[in-house]
Amino acid sequence: MLSVIQNPPRVALPIVGSSDLFPVRRVYCVGRNYAAHAREMGADPDREPPFFFMKPADALQIVGSEPTPHPYPSKTKSYHFEVEMVAALGGGGTDIPVADALDHVYGYAIGLDMTRRDVQDEAKKLSRPWDTAKAADGSGPIGALHPVSLIGHLARGEITLSVDGQTRQTGDLGDMIWSVAEQIAYLSGYFALQPGDLIFTGTPSGVGPVERGQRMVAAIAGLGAITLDVV
Ligand code: MN
């Protein structure tokens with residue numbers, strides 16, 4: 001059967017140590033998953049259950065090992081960085097127990113949940129959805145996938161973001177309020193998770209704006225680093 005328009009390309013991540021690709025289905029993102037970041041956003045990290053939003057898969061920007069131009073989006077004067085570890089699912093299901101959840105992880109990558117913060121602040125004030133704040137084209141830069149078969153699971157390790165050589169965000173993966181396993185278990189109560197799904201697992205404190213002409217370097221222990229030049 002023919003398609004009446006050209007089939008849209010499927011977003012796929014490169015895999016470290018392989019020439020194969022990881023095709024992406026959905027992109028889930030958790031909010032306020034590090035206590036210090038929850039506090040800087042004016043929330044109480046001790047009382048809130050996790051919450052999630054989504055980015056469209058085609059809002060991802062695939063980033064290689066070289067510095068990569070990152071276009072500053074329209075309609076914002078406050079474009080914020082949020083460095084996050086991304087878990088990529090090779091399995092899935094519904095109502096997955098926490099104890100089994102990590103069996104469904106294929107690998108991990110470095111991601112950025114780039115955000116039109118001024119648009120998000122307005123949406124929060126008006127109790128409106130976050131899509132225009134969180135789903136800008138290119139707003140999900142992501143590096144190559146590191147398979148669990150090569151690196152194991154990442155429960156601890158430094159996660160940082162620098163702008164023009166100055167460290168702006170620092171945290172430890174061990175400081176997540178909801179672990180990767182707990183996020184998978186929780187999400188699988190709402191959605192049938194599938195191979196190809198990604199989860200952006202939250203950002204540590206220190207989020208802030210970036211301007212055209214600045215260089216961002218996002219790094220996670222065990223996953224290397226990705227470099228973006230905002231243009
Ligand atoms: Mn985020």
Side-chain angles (χ1 to χ4, degrees), residues 13 24 26-45 48-63 70 72-73 76 78-89 108-124 128-143 154 157-163 167-180 182-184 186-187 190-191 197-210 216-220 223 225-226 228 230:
L13 306 180
V24 177
R26 294 183 182 170
V27 181
Y28 299 101
C29 307
V30 70
R32 296 176 205 143
N33 198 33
Y34 289 78
H37 173 63
R39 283 188 211 101
E40 78 181 350
M41 301 307 283
D44 179 349
E48 295 187 354
F51 68 91
F52 292 85
F53 58 92
M54 287 195 267
K55 281 184 192 285
D58 63 4
L60 296 176
Q61 178 187 21
I62 309 300
V63 182
H70 178 77
Y72 194 98
T76 183
S78 184
Y79 188 48
H80 274 211
F81 47 78
E82 297 187 1
V83 61
E84 311 204 3
M85 184 174 80
V86 181
L89 302 190
Y108 298 96
I110 302 170
L112 287 174
D113 170 18
M114 297 300 296
T115 303
R116 289 175 172 124
R117 192 71 73 200
D118 44 359
V119 174
Q120 187 193 31
D121 289 344
E122 185 73 3
K124 285 178 180 172
R128 287 180 178 163
W130 287 4
D131 302 60
T132 50
K134 288 291 195 178
D137 294 332
S139 64
I142 184 168
L154 300 180
E158 196 175 45
I159 173 169
T160 62
L161 183 131
S162 70
V163 177
T167 302
R168 303 287 296 276
Q169 289 191 266
T170 310
D172 192 284
L173 300 175
D175 293 336
M176 287 185 194
I177 297 171
W178 302 91
S179 68
V180 174
E182 288 169 333
Q183 292 182 53
I184 291 169
Y186 187 91
L187 269 174
Y190 286 88
F191 304 100
D197 289 344
L198 304 183
I199 304 173
F200 278 60
T201 61
T203 197
S205 61
V207 300
V210 72
M216 299 186 288
V217 178
I220 297 177
L223 301 178
I226 59 174
L228 293 147
V230 182

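Each ligand, and each atom within it, is numbered from 1 in the order the structure gives. None of these values were measured; they are calculated from a predicted model.
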Asker: Could you tell me the separation between the OG1 atom of Thr115 and the CG atom of Asp121, rounded to the nearest 0.5 Å?
Answerer: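 If I round to the nearest 0.5 Å, the distance is 10.5 Å.
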Asker: Assess the side chains of Ser139 and Lys134: does a donor N or O sit below 3.5 Å from an acceptor N or O?
Answerer: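 Absent: no donor and acceptor within the cut-off.
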Asker: Tell me which N, O or S atom from Asp113 is the closest to the Mn ion (ligand 1).
Answerer: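 When I compare the N, O and S atoms of Asp113, OD2 is nearest to the Mn ion (ligand 1).
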Asker: Which atom, counting only N, O or S, brings Glu82 closest to the Mn ion (ligand 1)?
Answerer: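 Relative to the Mn ion (ligand 1), the closest nitrogen, oxygen or sulfur of Glu82 carries the name OE1.
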Asker: Can you tell me which N/O/S atom of Glu84 has the shortest distance to the Mn ion (ligand 1)?
Answerer: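 Atom name of the closest N, O or S in Glu84: OE2.
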Asker: So that I know where these two stand, are Phe191 and Tyr28 an aromatic pair - ring centroids less than 6.0 Å apart?
Answerer: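 Yes, the ring centres sit under 6.0 Å apart.
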Asker: For Arg117 and Tyr79: C-alpha separation, side-chain torsions, deciding distance, then whether side chain to side chain contact (heavy atoms under 4.5 Å, CB included) applies.
Answerer: CA-CA 6 Å; Arg117 192 71 73 200; Tyr79 188 48; over 6 Å; no
